[in-house]
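Quick note on labels: first sequence line is chain A, next is B, and so on, each numbered from 1.
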Amino acid sequence: MTLEAQILAALPKAVSSLYQAEMAENQFNLQETRKEFEGQITVVTFPITRVSKKSPEQTGEEIGAYLQEHIPEIVGFNVIKGFLNLCISDEYWFNQLKSAYLNPNFGKAQANGRKVMVEYSSPNTNKPLHLGHIRNNLLGFSVAEILAANGNEVIKANLVNDRGIHICKSMLAWQKFGNGETPEASGLKGDHLVGKYYVIFDKEYKKQQDLLKAEGQTEDEAKKNAPLILEAQEMLQAWEAGDTDVIDLWKKMNGWVYAGFEQTYAKLGVDFKKFYYESDTYLLGKDIIEEGLSKGVFFKKPDGSVWIDLTADGLDEKLVLRADGTSVYITQDLGTAQLKYDDFGMDESIYVVGNEQDYHFKVLFLILEKLGKSWAKGLYHLSYGMVDLPSGKMKSREGTVVDADDLIDEMVATAKQRTEELGKVDGFSEEEKTKLYQMIGMGALKYFLLKVEPKKRLLFDPNESIDFQGNTGPFIQYTHARICSVLSKAAYNEQTELQYSGNLADTERDLLVSLANYPAVVENAAQEHSPALIANYVYELAKLYNKFYHEEPILKSEDTLVKHFRLSLSAATAAVLKKGMGLLGIQVPERM
RNA sequence: GCCUCCAUAGCUCAGCUGGAUAGAGCAACGGUUUUCUAAACCGUGGGUCACAGGUUCGAAUCCUGUUGGGGGUACCA
């Protein structure tokens with residue numbers, strides 16, 4: 001039982017003993033004591049005054065005295081207005097280091113038997129990944145790691161959007177204008193090559209529209225009648241009819257894209273256990289339509305199209321199947337949701353998808369609930385904000401995107417330059433250098449994207465480079481490297497026994513108190529589906545460590561017990577930094 | 001029109017289910033290295049928490065309204 005839990009359990013007893021009143025544990029409010037006051041844990045006593053019928057100050061004094069008497073770790077307290085600040089013995093904090101923080105499993109929950117699927121990335125195979133996808137990938141990966149640390153069995157899934165008219169556009173443009181260009185021949189990464197033709201299609205398509213408009217057609221007519229779009233539609237039909245030429249072309253070009261994605265995924269450090277392909281799943285969902293009709297959840301309109309009426313839930317009527325019997329987006333998603341559940345039977349299913357689809361998922365989940373799917377309550381849309389440029393939204397077709405590969409390369413190059421300027425790589429082999437630059441560059445990028453609350457939109461200014469100082473990934477990586485350096489110089493031996501030898505310095509106590517929070521932060525991050533909580537915690541911890549490092553000598557401590565304690569404290573901090581960063585998908589170096 | 005999300009320092013962001021004098025980083029200015037990595041540490045300046053009401057011992061936080069911005073409201077995905 002943690003000390004917080006002990007205090008929380010003691011409070012109702014205190015109230016009942018002092019004031020003969022009943023208060024439940026959840027009516028009390030514990031918080032960390034603010035820096036400027038003495039103590040580590042604070043009880044807010046305002047709520048208690050209602051039953052004590054005394055001033056906040058007097059209530060605090062009485063509760064404080066009671067707690068000190070009943071909980072040996074509490075060695076003192078002070079009362080300021082409605083705040084009762086409890087001083088916990090230094091020895092308690094010291095012992096936490098020994099009994100908890102240095103444990104390799106610190107912050108990692110026991111397996112809980114729950115199964116969670118995290119679907120993320122879900123790219124289109126007609127263009128390369130951009131900064132928005134990076135945010136998606138990092139969020140998905142990190143949330144999966146955080147859930148795993150909380151004892152869940154996690155299945156990372158990727159639903160690849162490899163089908164549809166947009167794919168045909170790239171294929172058609174390549175056929176017409178590509179002259180047989182291949183990644184091998186041109187040296188272009190496969191996904192970039194395909195993306196290039198997607199852009200070419202759009203350009204040529206616009207030209208045709210302009211011609212038609214010059215001939216007197218309206219905007220809408222021109223859009224519909226341009227020969228290129230008609231050809232693309234024909235191609236889609238031929239494809240669905242099983243035309244082998246089209247399918248072969250699709251396979252070839254998709255292969256290029258996958259090879260390209262694989263490289264980018266590797267650089268991002270993300271992985272997947274299960275791939276779903278829309279070309280396999282796009283016909284799914286029709287059973288569910290039947291099911292919904294027979295259950296009376298859906299209804300048919302005279303033209304034969306199938307709908308659901310969600311007006312009672314404050315939403316609209318929604319089409320779920322076209323009159324000609326073909327699926328729409330939500331039909332597929334209904335089917336895919338069922339398929340995923342049939343495959344894995346998970347308790348929770350998370351969709352990492354941008355907030356422009358909030359409405360879609362609201363409807364999707366509601367439909368599944370109305371269909372009586374027992375697993376519908378475990379569905380969760382992890383909605384995140386767009387990454388915007390100062391000029392506004394990124395648009396692939398118009399080429400106003402920050403390309404994922406370019407950005408990654410740029411970050412690594414900047415890391416290299418910064419490191420060389422600082423002259424930090426003496427004695428590194430070429431291989432070690434390459435690895436280090438990658439670690440730092442990616443660390444800066446990942447931290448930059450993950451430290452922001454997912455649902456908030458994010459502004460990225462390509463003209464302003466991502467920082468390497470202050471609240472950044474490299475700052476935390478640096479702190480870790482710094483600790484490793486001290487430990488290796490001291491030939492730190494973790495087997496040596498820790499012995500309490502007297503009072504703690506303020507910075508030592510602050511570090512110990514902060515370390516105690518790690519498991520709760522990991523738990524909270526899972527509940528909130530928010531890697532940002534981990535990022536902020538890890539930053540605070542690194543800051544506290546640097547302060548401690550600056551104020552207290554470690555290697556030069558006179559007392560061997562103190563020296564060993566400070567080394568152990570350093571080791572525990574390094575371990576938590578490494579774990580926390582690991583949950584963000586960020587590696588930490590031992591030297592930098 | 002309707003739905004939904006957002007608004008905190010010059011900039012980028014924290015601020016947990018309401019709690020103490022609203023915090024960081026960047027940028028600006030000043031200081032710290034014969035001592036364990038200066039990608040660090042310390043300090044100074046910088047705020048009507050968009051605005052107006054309400055709820056209460058207490059509101060950046062909860063409620064209502066207003067303004068401004070994003071997204072959605074497709075037989076696209």
Side-chain angles (χ1 to χ4, degrees), chain A residues 26 29 31 33-37 42 44-47 49-50 56 80-83 85 122 124 161 163-166 278 282 303 305 307 314-316 318-324 326-333 354-360 362 383 385-386 388 392-393 415 418-419 421-422 424 440 444 448 451-453 455-461 464 466-479 481-487 489-490 520-521 524 527-528 530 532-533 535-536 539-540 542-543 545-557 566-567 570 591-592:
Chain A
N26 62 15
N29 186 349
Q31 53 189 253
T33 304
R34 293 179 67 131
K35 282 269 170 312
E36 57 267 40
F37 304 106
T42 292
V44 183
T45 53
F46 287 112
T49 56
R50 218 167 311 158
I80 293 161
K81 292 190 271 183
F83 301 91
N85 302 320
S122 306
N124 289 337
N161 184 351
R163 194 202 82 92
I165 190 79
H166 50 284
E278 279 202 20
Y282 79 101
D303 67 355
S305 58
W307 296 73
L315 305 174
D316 299 319
K318 177 89 184 169
L319 174 100
V320 293
L321 195 72
R322 293 190 185 104
D324 63 6
T326 58
S327 325
V328 289
Y329 178 38
I330 202 148
T331 327
Q332 291 177 45
D333 262 9
N355 64 8
E356 74 272 17
Q357 295 198 35
D358 284 355
Y359 185 75
H360 171 77
K362 215 166 159 181
S383 163
M386 316 242 103
D388 288 327
K393 232 179 134 168
R418 290 279 303 155
T419 308
E421 278 168 14
L422 292 168
K424 294 262 191 175
I440 297 173
F448 174 80
K451 76 172 177 187
V452 180
E453 204 50 45
K455 81 173 167 186
K456 291 210 177 172
R457 54 191 274 248
L458 201 86
L459 189 77
F460 177 80
D461 187 345
E464 232 170 275
I466 293 174
D467 279 324
F468 284 67
Q469 280 171 21
N471 188 358
T472 68
F475 168 80
I476 297 154
Q477 292 173 317
Y478 170 76
T479 307
R482 206 178 210 190
I483 295 173
C484 290
S485 165
V486 175
L487 293 179
K489 279 199 175 128
V521 171
N524 205 231
Q527 264 163 24
E528 305 287 325
S530 174
L533 297 177
N536 289 320
Y539 172 61
E540 289 302 324
K543 246 192 346 183
Y545 184 84
N546 280 316
K547 190 165 178 148
F548 156 73
Y549 178 93
H550 190 258
E551 288 184 13
E552 307 297 335
I554 301 170
L555 297 175
K556 297 202 161 56
S557 310
R566 288 181 181 159
L567 286 169
S570 300
R591 285 193 297 163
M592 73 181 268

- Considering just the side-chain nitrogens and oxygens of A:R418, establish if one lies under 4.0 Å of OP1 or OP2 belonging to B:A38. no
**Message:** I'd like to know if A:N536 reaches the base of B:C16 with its side chain such that a donor and an acceptor end up less than 3.5 angstrom apart.
**Reply:** no
Q | C1' spacing across the pair B:A22 / B:A77, given as an integer number of angstrom | A | 43 Å
Got a list of protein N/O to nucleotides 21-23 of chain B N/O distances below 3.5 Å?
| residue | atom | partner | partner atom | Å |
| --- | --- | --- | --- | --- |
| B:U21 | OP1 | A:K81 | NZ | 3.3 |
| B:G23 | OP1 | A:R34 | NH2 | 3.0 |

The nucleotide from B:A20, B:G72, B:A38 with an atom nearest the side chain of A:T33 is B:A20
* To do: Could you tell me whether A:R34 and A:E36 make a salt bridge, using a distance below 4.0 angstrom between a side-chain N and a carboxylate O?
  => yes
Exercise. Are A:F46 and B:G19 stacked, counting the six-membered base ring, centres under 5.5 Å, planes under 30°?
Worked result: yes
query = Taking atom C1' in both B:C16 and B:G23, what distance in whole Å separates the two?
reply = 15 Å
Taking B:G25, B:A77, B:A39 as options, the one with an atom nearest any side-chain atom of A:Q332 is B:A77
Rounded to whole Å, CD of A:Q357 lies from C1' of B:U73 at a distance of 14 Å
Is there a donor and acceptor pair, one atom on the side chain of A:T42 and one on the base of B:A20, closer than 3.5 Å? yes
query = OP1 or OP2 of B:C42 sitting under 4.0 Å from any side-chain N/O of A:K547?
reply = yes
Of the listed B:C76, B:A40, B:U37, the closest approach to the A:R322 side chain comes from B:C76
When rounded to the nearest 0.5 Å, the distance separating OG1 of A:T419 from CD1 of A:I440 is 4.0 Å
Whole-angstrom distance between B:C6 and B:G46, as gauged at atom P = 31 Å
Say you pick atom P in B:U44 and the same atom in B:G53; how far apart are they, in whole Å?
35 Å
* Has the side chain of A:T479 got a donor or acceptor atom sitting under 3.5 Å from an opposite partner on the base of B:A40? -> no
key: P-based separation of B:A60 from B:G54 [nearest Å]   = 15 Å
Against the side chain of A:M592, the closest entry in B:C36, B:A39, B:C26 is B:A39
Of all heavy-atom pairs linking A:K556 and A:P553, the shortest is CB-CB, 4.1 Å
Nucleotide by nucleotide, nucleotides 2-11 of chain B touches protein heavy atoms under 4.0 Å in the pattern (B base, S sugar-phosphate only, - none) ---SSS----
Quiz prompt | C1'-based separation of B:G15 from B:G31 [nearest Å] | solution = 30 Å
* Will you find, in the side chains of A:D467 and A:T472, an N or O donor that is under 3.5 Å from an N or O acceptor? -> no
Minimal heavy-atom distance between A:P474 and A:M592, with the atoms involved, is O-CE, 3.8 Å
For this session: Examine the base of B:A20 for any acceptor or donor lying under 3.5 Å from a partner atom in the side chain of A:N85, and report the outcome as yes or no.
Result: yes
A:Y539 atom OH is separated from B:C13 atom P, nearest whole Å, by 15 Å
Task: A:Y329-A:Q357 side chain donor-acceptor pair, cut-off 3.5 Å - done: yes
For B:U37 and A:S485 - does any side-chain N or O of the residue sit under 4.0 Å from the phosphate oxygens OP1/OP2? yes
